[in-house]
Amino acid sequence: MEPTGLHEQVAGLINRKLNIAIYLLNLLWFIPMKCLIKPLGENSAFRPDFVILDRIWR
């Protein structure tokens, strides 16, 4: 189920504030546009409103 309405607005605002902080602090993190999280040993996954990941350049 995808978030809608006020929930989506709040998630978008939090995402924007976190992206600004990541940029200003020059952190090697990023917030993906879409992401699935699969718990270890589980056959299903969930889509968080937002997630912060380490940026790995190889």
Side-chain angles (χ1 to χ4, degrees):
M1 179 179 271
E2 295 291 325
T4 59
L6 183 57
H7 181 90
E8 183 70 8
Q9 291 175 15
V10 171
L13 177 63
I14 293 170
N15 187 322
R16 182 174 60 189
K17 300 277 187 183
L18 289 172
N19 268 312
I20 291 169
I22 290 168
Y23 175 78
L24 291 175
L25 295 171
N26 198 29
L27 299 171
L28 294 177
W29 301 345
F30 76 100
I31 301 174
M33 295 295 287
K34 294 194 177 203
C35 179
L36 289 176
I37 305 294
K38 182 179 181 279
L40 294 175
E42 297 289 328
N43 291 329
S44 62
F46 64 93
R47 185 181 313 239
D49 293 332
F50 58 90
V51 63
I52 299 174
L53 302 173
D54 286 331
R55 183 174 38 191
I56 300 172
W57 301 104
R58 294 182 186 202

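In this text, all values refer to a predicted model and were calculated from it rather than measured experimentally.
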Looking only at heavy atoms, the pair that brings D49 and H7 closest together is OD2-NE2, 2.8 Å

Heavy-atom closest pair (C35 atom, P48 atom, distance to 0.1 Å) is O-CD, 3.5 Å

Can I get a per-line list of side-chain donor-acceptor pairs under 3.5 Å for residues 10-18, giving both atom names and the distance, sequence neighbours left out?
{"from": "N15", "atom 1": "OD1", "to": "N19", "atom 2": "ND2", "distance (Å)": "2.6"}

Are L25 and Y23 connected into the same hydrophobic cluster when the rule is that any two of I, L, V, M, F, W, Y join if their side-chain heavy atoms are below 4.5 Å apart?
no

message = Would a single hydrophobic cluster contain both F50 and I22, if residues Ile, Leu, Val, Met, Phe, Trp and Tyr are joined by side-chain heavy-atom contacts under 4.5 Å?
response = yes

Heavy atoms of V51 and P32 approach each other most closely as O-CD, 3.3 Å

Residues P39 and S44: closest non-hydrogen pair is CD-O, 3.6 Å

Side-chain heavy atoms nearer than 4.5 Å, only ILVMFWY residues, links allowed to pass through others: does that put W29 and I31 together?
yes

Rounded to the nearest 0.5 Å, the CD1 atom of I52 sits from the CZ atom of F30 at a distance of 11.0 Å

